[in-house]
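The block underneath contains the structure these notes are about, expressed in structure tokens.
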Amino acid sequence: MYSFLRKFLIAAYSFSSVVFEGTGQEYKSIFERVPAKKSGINFKNQLKEDQFNNILRYEYFYNGGGVAVGDLNNDGLDDIFFTGNMTGNKLYKNLGGLKFEDITKSSGIGGKDTWTTGVSMADVNGDGLLDIYVCYSGKKSPDSRRNELWINEGNFKFSEKAKAYGIDDPSNSTQGLFFDFDNDGDLDLYLLNHHIEVINELEFDRERNARHPYAGDKLFRNDGGQFTDISEQAGIKGSALGFGLAVIASDINQDGWMDLLVTNDYIEPDYLYINQGNGTFKDQLPQNLQHLSHFSMGADIADVNNDGLPDIFTLDMLPEDNERQKLLYGPENYEQYNLMIRRGFQHQLMRNMLHLNRGNESFSEIGQAAGISNTDWSWSALFFDANNDGNKDLFVTNGYYRDYTNRDFLKYKGDYYFKQAVAKEKADTLHLVTSMTSTPIHNYFFENQGNTRFKNISFTSGFSSKNFSSGAAFADLDNDGDLDLIINHLNEVSEIFENKSEKGPWLQIDLNYSEGNRFGIGTKVEVYSKDQIQYQEMQPVRGFQSSSTFRLHFGLGNQTQIDSIRIIWPNQEIYSLQNLTVNQRLSADYKPKGSKELSASASSPLFEKLPALLEFNPSLSAINDFKRQPLLLTMPSHIGPVMAAADLNSDGSPEVFLGGSKGTPARIYTWKEGAWEIYRGFRSSGDFTDAVVLMEDFNQDGAIDLFVGSGGYHDYLAYDEGLRDRLYLNDGTGVLVPQASFPKYLISTGTATVLDVNQDGAPDLFVGGKITPGRYPEIPESKILINDGKGNFSDQTSTYLKDAKIGMLTASVSQDLNGDGKDDLILVGEFMNPLALIQTEDGFKIQPEYFEPNLSGWWNTLKQVDLDGDGDLDLIAGNFGLNSQLKASETFPLRLYAADFDQNGSIDPIFECQVGDGYFPFASRDELLDQMVSMRSKFTDYASYSKAKVSDMFSIEELQKAQILEITTLESMYFENVNGKFQAKPLPFEAQYFPVYAIHVSDVNGDGIPDVILGGNQSQTRIRIGKIDAGFGLVMIGLGDGTFRPLTPSESGLVIKGDIKSILEINEEKNKSFIFAINQQPFQIFGLK
Amino acid sequence: MKKRLFYSWCLLLLLQSFSVKAQKSPPNWARIYAEELFHITEVMVTDVASPPVAARIYAYTTLGAYLTILDGNPKLRFPEFLETTQIPKPTYPLLNTEIQSHEFAAVYAMFLVGEIVMPSGYLLGKAKEKWIQRGLKEKMVSTKNLNTHLQLAQKTADFVLDLARKDGYVQLTAMTRYTPKEGDGNWYPTPPAYMAAVEPEWRTMKTFFLENLNAFQPAPMAPFDLTSGSSFRAQLEEVYKIGQTLTEEQKLIANFWDCNPFKVEFSGHMAIGVKKISPGGHWVGITGIAAEKARLSFAETAYIHALLAMTLHDSFVSCWKAKYDTNRIRPETVINQKLDSEWKPLLQTPPFPEYSSGHSVISSASAEVLTAYFGDHFDFVDTSEVYFGLPSRPFKSFFQAADEASISRLYGGIHFRDAIENGIDQGKRIGKHIAKKAQLAP
């Protein structure tokens, strides 16, 4: 234990030094609070809780207010408008130099005594002056909450004209968004609303199909200054289940028509309305996004990776730190989850989601890989370039006034009623609510480090103070070439944060479009410099209940010159400017050209999908391994299908083996020019789950034979007949005859490799054990099977592999590593370092010098190939990836303690990992208590467990006796063979978006250099981890030196949704076909174009 | 003269006996016992012990008290029953020293057992401390012999806890978790919280009296059949209809016997778990009320509580076996699917399969045992759940209460009629078997 602690401490020290080094960035983002005394801003959204105004009567009592920014008097300075829920709204005139004057009274715009929500500025009447639209909600009469449209009459005089324009809507509104949805030149209105009553879940189905007059969202078309509600005909959903918290407009699919993202709190999924260009929208979220935020709140859409495509970001409420997570997580309920999926509510998970737009209507959700998934109960998300380095950074406001979701509250506050009764006192629910704890949280600021990596620099950038923050907006308030922030706090004075970053050059653009849409909402601007493109859309409504500046701001990084900018006006006419100097504010006026430029056509993709013509779906299974071992992270049952191909009957057409799984036997098909024909010379059984397949001439008679390794977890016993590996010998006519004499050993096989162990020229076998069903992570034996040359194998493990319990093996390859003429082995597996097993006089021995230490990973697969063209074999290994809540590093390895701690006959696997900045058990309290009775007395409430470390759960003696496994890296790697030793290099970041289970090497672009296709994803995870589905089959073009250029799905043509488990290439005379085996789905086939 | 002397002697005797009474009225042991046991109930409520788990806790805590009082070799109305169970008895006397108050030690043993068998057992610390103070103040024990009493209590507690360790409970978490069975008519988690199935492997728990669970299976249930005219269809429609025509009295009955340890109430989107005692807790309450009414001694009180709690435990094991043998769907699920997608039962459907009705089985078994002990037509006023906001309710007999508890599940919309009627029969067979074994009844 001592040495273990020491190691820990040393690691901790070296880690902190890394942190200090890491802060030396080129441009440092720094924001400084402007004191109210200096700014003159003293607006405060103060709530008054009483019998009539409280969270029990109004669900959205603590949601907070909004901010709108815009130059209301066209003096070149952005003015500010704040909304207060129960207090009056306030308008501040920008006097320059970050000084503001409260002109609410003189402008007559203070609002009314109704619950006020979101605000936006837009030039609704197209007179060149920004107007203000204020939304209302709350429990009072519909008439009282009619939204207001303040028409700007110049000189800060406003008149309320909502009724005249037909948008004095009495809905429970969150936000109004003005945009031109029909491209007719004027601004239409999307009105985002929310429900104020709880919907009993029995009423879901009825409510989903009905339009609610006040809760349903509405679309108003601007017909010459008169707005007409066209929600129904335009396909806008209006159900009472909609708890709309954000609406963002963007041309998601780049077809020239504005699309919409609507986020919904609670069970109703978000909507991704794709504009059909004919006056209607279609919610294509289920087709485009594979999972989404559950309690979706604020949102933003922006091109975060500078690939010219707008990406979607939605906020939720997952905390960063362990304590708040543990207080929040309840039992995982797979039955309820499945029921909601069946009822069409989709995969919803409680965390922020970054849906990276990959083109082709495909999105990769990579919020966790990007590092922006956990920001607690979050309201506003704003992407903008804070330090002008050319990458959009991210600001997130958060905080909820009561710890509503605290599990102890649900479970133990009910005792209050009982205790009051015993004490013969009256229970008061409001008292119960107001006695709930209140935890302020700091806002988050993330530095965009490029390539979809964000770094949390909240504290160093000026956001360390703890409070409750709601709406926010950005604007260059002091015209100094950077964007400042305006934040509306709850129960505290609103604040301005001045941008004081060490910043790069910049460019600001004021758009002047045509009458009806003077400010050019919907205009797209592309800025080109060197090989970089930046893309923004004029769309001020972002974040939460707020709208930001109308001035487009671009940071330019190291560029001293802008090559060109392209302005794509809402009517798709393009205006280009060349060779601009930096650090200037530019005014772009629209001049009708009458012609439209065609955008460059996309290059044609490498692959095209071929008709599969095969319904066979051998891996379909609903088995839930968490019922057997409730603390596992992923399910070990769902491993197939595996594939292999060879010409078994020597007729010139390949036979393809498609592995089975428990309940569905494997099949072999003959492949003839893309058509499948079932092959009669083979039969398997539904008892087996095929984990590995090898086609080889084992008896050296010239005909290809078959070895199938049986794996799986399922309901197999630890030693189960269904785990028996099988050898089938080809009788010469193509009939595969099962060999009863093949050694019988009952392990769940993870891998097998052909090699010549005894140099007799006959192919022998290494068989790697992966798992002990029901007893994860107990390590099973691996095997050496010696072939007598006639296909008779004998188990000679005791001779050749004295230490046969190597690890939970998943993949193996063989090559002669030390040049002694004997085949050696390279093995990878779960929770282990890659291993080199060298043949010695005393059998196979692990020799550590071939791999660096601290490469222990969750290795799933391994391929060997010469990638750098130097004549030796390099390796590529697939790991778990970086896109999950699981983290692993040398400082904080993902650790697994396993023992039967409570001595009840079952293995208790306890995972320990980094959460926030500490090291904690992964299991939630409910999960832990379900596994071990003894923990129920140890952690009698959620609070006591919320701070527990593994050392609080077990004694040192218990931990010392336990099996301890570690993972120090989750990155998939390329291992370069340098003089017989392997040097690890992480694969490109795109390859870390998903767990890699299949690696295929092939020259797909015909340049003579091997390219790599990675397949993977993992859908069979705990609910809390959720589907990891960002991979679509990643093609990485080999550059010849061991580096790769990853292709986007639109470049490669591969858009395969699901868990790819194996990839098989079939080469006919001219055609190359690639079969992708996907767990739970039929096979998909692609051809090279 | 002689006569006068006799009278004055008599007077003296009378006076003396009066003064004795005035100084030292015998404690109301039945009430004290029930009040102390309620501390254990409170912890169970906090912990949200599920109905079968609560019965197990009652069995071991009351056994702790009973085994301690037996050490004093008390006279009992019926033969000591432990010999007839499947558990061993300790060797008496437990300590070789004189014990002043076995009653004191018995209550303390109950706490010691409760501390360990309940997750939040540590909450009994206060009750333990108070009990010691009371024992000293009321001179049940002295500061001198207090430790001896605590040792005695510890000895019985250790004996009981050893039994509890070996009854299969810790093995439950080693078993594969329940997956709802595929197909029509099978149970699936129910709204609003869709809680996971409670204790699907409870059949593997050791019982006290029942040697063979197969002998106490309920009569077969009506098979799932939605064609009109089928028994199942008729029962389904009965639940549906009765839910729409409930009288105030029927609603009161349903709520009176709800006994849902954790009802999730949504207030806005904030959820609060409202807690009550479990069905077993309700019958433990009734036992205490009856014991006080019959002015039972401590030993008799401990005897009938232990017997009743063990009966509850065995009844739950038997009933839970039936539930997961049949995996029958709840009325709410099938009504929502087939008759009315928005129908909601009056009571929240508890999270386990429907057949047979737990309340019917355990209430009927309890009524059999209590009637055998206290006699027919033993009327009482049930105040068990006053603390949980329910009124007190008079009953003419234990069977009247049990029958009402059973039918309340139909009114509550959470059971079909056959689960209730066959459950009553199942419970009566269990109760009769135990009463006979324990030699309470012929």
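Each chain gets a letter, A, B and so on, in the order its sequence line appears, and its residues count up from 1.
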* Output yes when a side-chain donor or acceptor of B:Tyr188 lies under 3.5 Å from a complementary backbone atom of A:Glu335, and no otherwise. =>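 Yes, the answer is positive, given that a donor and an acceptor are paired below the 3.5 Å cut-off.
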Testing the basics here: between [X] and [Y], what is the closest heavy-atom pair and its distance to 0.1 Å?
X        : Y        : result
A:Asn333 : B:Ala196 : ND2-N, 4.3 Å
A:Gln903 : B:Gln171 : O-NE2, 4.2 Å
A:Gln336 : B:Ala193 : OE1-O, 3.7 Å
A:Phe626 : B:Arg177 : O-CG, 4.4 Å

Looking at [X], I'd like to know if its [atom1] atom is crowded, meaning that more than 12 non-hydrogen atoms belonging to other residues, nucleotides or ligands lie closer than 6.0 Å.
X        : atom1 : result
A:Lys139 : NZ    : yes
B:Glu182 : CD    : no
B:Arg31  : CZ    : no
B:Lys206 : NZ    : no
B:Lys166 : NZ    : no

Given that the side chain runs from C-beta out, which part of [X] has a heavy atom under 4.5 Å from chain A: side chain, backbone, both or neither?
X        : result
B:Val48  : side chain
B:Pro189 : side chain
B:Glu115 : neither

With a 4.5 angstrom heavy-atom cut-off, is it the side chain or the backbone of A:Gln629 that approaches chain B, or both, or neither?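 Neither part; nothing is under 4.5 Å.
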At a 4.5 Å cut-off on heavy atoms, which part of A:Ile907 comes close to chain B: side chain, backbone, both, or neither?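 Contact with chain B involves no heavy atom of A:Ile907 at all.
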Worksheet item: Given the options B:Asn336, B:Thr176, B:Leu123, which has more heavy-atom pairs under 4.5 Å with chain A than any of the others?
Response: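 Ranked by heavy-atom pairs under 4.5 Å with chain A, first place is B:Thr176.
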Within this structure, what is the CG-CZ distance for the pair A:Asn904 and B:Arg165, rounded to the nearest 0.5 Å?
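Reported value, rounded in 0.5 Å steps: 14.0 Å.
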Q) Taking atom OG1 of B:Thr179 and atom CD1 of A:Ile623, what is their separation to the nearest 0.5 Å? A)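 If we round to the nearest 0.5 Å, B:Thr179:OG1 and A:Ile623:CD1 are 8.0 Å apart.
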So is A:Arg628 actually on top of B:Tyr178's ring, under 6.0 Å and inside 45° of the axis?
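Judged by the rule, A:Arg628 and B:Tyr178 form no cation-pi pair.
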Heavy-atom pairs under 4.5 Å with chain B: which of [options] has the most?
options                                : value
A:Pro331, A:Gly774, A:Pro630, A:Gly905 : A:Pro630
A:Asp902, A:Leu339, A:Leu929           : A:Leu339
A:Gln931, A:Lys938, A:Met932           : A:Gln931

Compute whether any side-chain donor of one residue and acceptor of the other, for B:Thr173 and A:Asp930, lie under 3.5 angstrom apart.
->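 No, A:Asp930 and B:Thr173 have no side-chain donor paired with an acceptor closer than 3.5 Å.
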